[in-house]
Amino acid sequence: MLIGVCGTICSGKHTTAEYLVQHHGFLRLHLPSRSSVTALPQRNDEQSRRFLPSVTDERGTRGLTFPDVDSLLEFVTKRWQEHWVLTDIEDEPTLELLLRRPFFLLLSVDAPITLRFQRFNSRCAKRDLSPISLEAFIDANDRLLYGSLPTSTNTSPDSSTPSLARLHSRSHLQLLNNCTTIPSYFAFLRTLDLPSETRLRPPWDAYFMTLAHLASLRSNCMKRRVGCVLTLNFRILSTGYNGTPRGLTNCNQGGCPRCNAASSGGSALSTCLCLHAEENALLEAGRERIREGAVLYCDTCPCLTCSVKIAQVGVKEVVYSQGYNMDEASRRVLKEAGVMLRQYSPPSGGLLGGTGSGEEAKQLVVRNGQ
């Protein structure tokens, strides 16, 4: 496994790598760096020292150094089951090569700029260097994030300059390091199980539930997006999402008066024209294709009406992610029909934040706007 870590100034990029080294046996790998320091105007020795990472993380103190990403990948590909960490990913061509490999995971680390500014000047003080202004820090930060900045003669950034913002947008996992101490940040990282192989290759449950969520994005129902995948022997029979039947005006275009009205959840269901995601998946598959062992994945627990139909066609297991206000009724029907019902929630993704100042840290999950 090769974990790449990219991050803004004093966000905790090297601290994250050190956590992997100290607690999970990772070994540091290095590439030639075009550090953000080189983008700063009028660079001098003192300025350069300010932007170096902590002494224990300086290049050459540990790990292996490679002249280019091709030689690094040649080395790691033969040893992909071992644990490696790389913090020298600074441009998209390098990242593109890394992303092609199934053993690579990219983390991006960030923190509030005021907190990073405090960390930066504390680091300067430890090195007997004078602090810099917040304006100068923000300027350096912007050059790292967005490449060269506009000038009076150049109204747009230089797209050829490496920019961290592009790398952040490609990361598999985004970490928000709000922690005020290293032990609390390490406590937060322990909750994530970063070396887990399931982050590289999702298990079947995660795979099918992700497809169910993807199907839900096609929903046109004004009340709730729901997606469903019907499988047999780990193969997809059909997919479905909720919305008005074929040939009718889409719900989000006024096709279902009930969904477009301000009716409360669960009320006036008999007037709803929308087919549910589960219904669409079952209709698409047809009973003749549904055999013993069929499993239905839905990102929301089926309602009572859908549960009755699921039992009728012979589905043997229902896996759902989010609850619904009719869970208990659905559970009773499915249990009596001999259909297994279980909840599966994929590993947290999106933006994960650690907060705390002591030995323990709480995890804040920011996903799907929640």
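Only this structure's heavy atoms are used, side chains among them; waters, hydrogens and symmetry mates stay out.
Note: I9 CD1 to I138 CD1 = 11.0 Å, rounded to the nearest 0.5 Å. Taken from NE2 in H23 to CG in L194, the straight-line distance is 11.5 Å, to the nearest 0.5 Å. Going from atom CD of E96 over to atom CZ of R170 covers 4.0 Å, rounded to the nearest 0.5 Å. The OG1 atom of T305 sits 6.5 Å away from the NZ atom of K309 when rounded to the nearest 0.5 Å. Here CZ of F208 is found 7.5 Å from CZ of R235. Values are rounded to the nearest 0.5 Å. Rounded to the nearest 0.5 angstrom, L99 CG and T94 OG1 are separated by 11.0 Å.
Without hydrogens or angle criteria, S238 side chain to A281 main chain gives a donor-acceptor distance under 3.5 Å.
Hydrophobic clustering (ILVMFWY, side-chain heavy atoms < 4.5 Å, transitive): V295 and M340 are in distinct clusters. In the hydrophobic clustering of this structure, V226 does not group with L283; members are Ile, Leu, Val, Met, Phe, Trp, Tyr whose side-chain heavy atoms approach within less than 4.5 Å, directly or through other members.
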Checklist entry - Is there a side chain to side chain contact (heavy atoms under 4.5 Å, CB included) between L217 and Y241 once you walk through the steps? => result CA-CA 8 Å; L217 301 182; Y241 54 86; over 6 Å; no
Item to check | Full working for side chain to side chain contact (heavy atoms under 4.5 Å, CB included) between T231 and Y297 | outcome: CA-CA 8 Å; T231 71; Y297 287 86; 3.9 Å; yes
Item to check | Chi angles and distances behind the side chain to side chain contact (heavy atoms under 4.5 Å, CB included) call for Q174, D110 | outcome: CA-CA 8 Å; Q174 298 172 324; D110 203 353; over 6 Å; no
Checklist entry - R28 and T87: side chain to side chain contact (heavy atoms under 4.5 Å, CB included), yes or no, with the steps? => result CA-CA 8 Å; R28 296 290 296 265; T87 57; 3.2 Å; yes
Item to check | Verdict with supporting geometry, S321 and D299, side chain to side chain donor-acceptor pair (under 3.5 Å) | outcome: CA-CA 5 Å; S321 177; D299 63 355; over 6 Å; no
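Nearest heavy atoms, G4 versus F104: N-CE1, 3.6 Å. The shortest non-hydrogen separation linking V5 to L106 is N-CD1, 4.4 Å. Contact between S196 and M1 at its shortest, heavy atoms only, is O-CE, 4.1 Å. Of all heavy-atom pairs between H168 and L145, the closest is CD2-CD2, 4.2 Å. Closest approach of E278 to C306, counting heavy atoms only: OE1-SG, 3.7 Å. The minimum heavy-atom distance between T300 and Y324, with the atom names listed, is CG2-CB, 4.0 Å.
There is no side-chain donor-acceptor pair under 3.5 Å between N177 and S11. Remark: the N242 side chain and the S219 side chain contain an N/O donor-acceptor pair separated by less than 3.5 Å. Defined by atom type and a distance below 3.5 Å, a donor-acceptor pair is present between the side-chain atoms of D68 and S71. Side-chain contact check for T16 and Y185: at least one donor-acceptor pair (N or O, by modelled atom type) lies under 3.5 Å.
Taking the six-membered ring where the residue is Trp, F137 and F120 present tilted rings, their angle falling between 30° and 60°. In this structure, Y207 and W204 have perpendicular ring planes: the angle between them is above 60°, well past the 30° mark.
Side-chain contact between E135 and D139 is absent, with no heavy atoms from C-beta onward closer than 4.5 Å. C124 has its side chain out of reach of I132: every pair of non-hydrogen atoms, C-beta onward, lies at least 4.5 Å apart. With a 4.5 Å cut-off on side-chain heavy atoms, T15 and V109 do not count as touching. At a threshold of 4.5 Å between non-hydrogen side-chain atoms, the residues I113 and T8 do not count as touching. The side-chain heavy atoms of L31 and V69, taken from C-beta on, include a pair separated by under 4.5 Å. In this structure, P112 and N178 have side chains that are in contact, with non-hydrogen atoms separated by less than 4.5 Å.
Residue E197 qualifies as open at atom CD: its count of foreign heavy atoms under 6.0 Å is 12 or below. Counting non-hydrogen atoms of neighbouring residues, nucleotides and ligands closer than 6.0 angstrom, the CD1 atom of I236 exceeds 12 such neighbours. Atom CD of Q343 has more than 12 heavy atoms from other residues, nucleotides or ligands within 6.0 Å.
Through direct or indirect side-chain contacts shorter than 4.5 Å among Ile, Leu, Val, Met, Phe, Trp and Tyr, L115 is connected to no other residue. Other residues sharing the hydrophobic cluster of M222, ordered by chain and number and joined by side-chain separations under 4.5 Å: none, the residue standing alone. In the hydrophobic clustering, where aliphatic and aromatic side chains (Ile, Leu, Val, Met, Phe, Trp, Tyr) are joined below 4.5 Å either directly or transitively, V315 groups with L230, L232, L237, L282, I290, L296, I310, V313, V318, Y320, L334, V339, L341.
The ring-ring contact (aromatic ring centres under 6.0 Å, His included) check on H83 picks up F26, with sequence neighbours excluded. By the salt bridge (Lys or Arg N to Asp or Glu O under 4.0 Å) test, D205 is found to be paired with R342, residues two or more places apart in sequence or in another chain being considered.
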Listing, residues 75-82 side-chain donor-acceptor contacts under 3.5 Å, not counting sequence neighbours, or none:
residue: T77; atom: OG1; partner: L73; partner atom: O; Å: 2.6
residue: T77; atom: OG1; partner: R101; partner atom: NH1; Å: 2.5
residue: R79; atom: NH1; partner: F75; partner atom: O; Å: 2.9

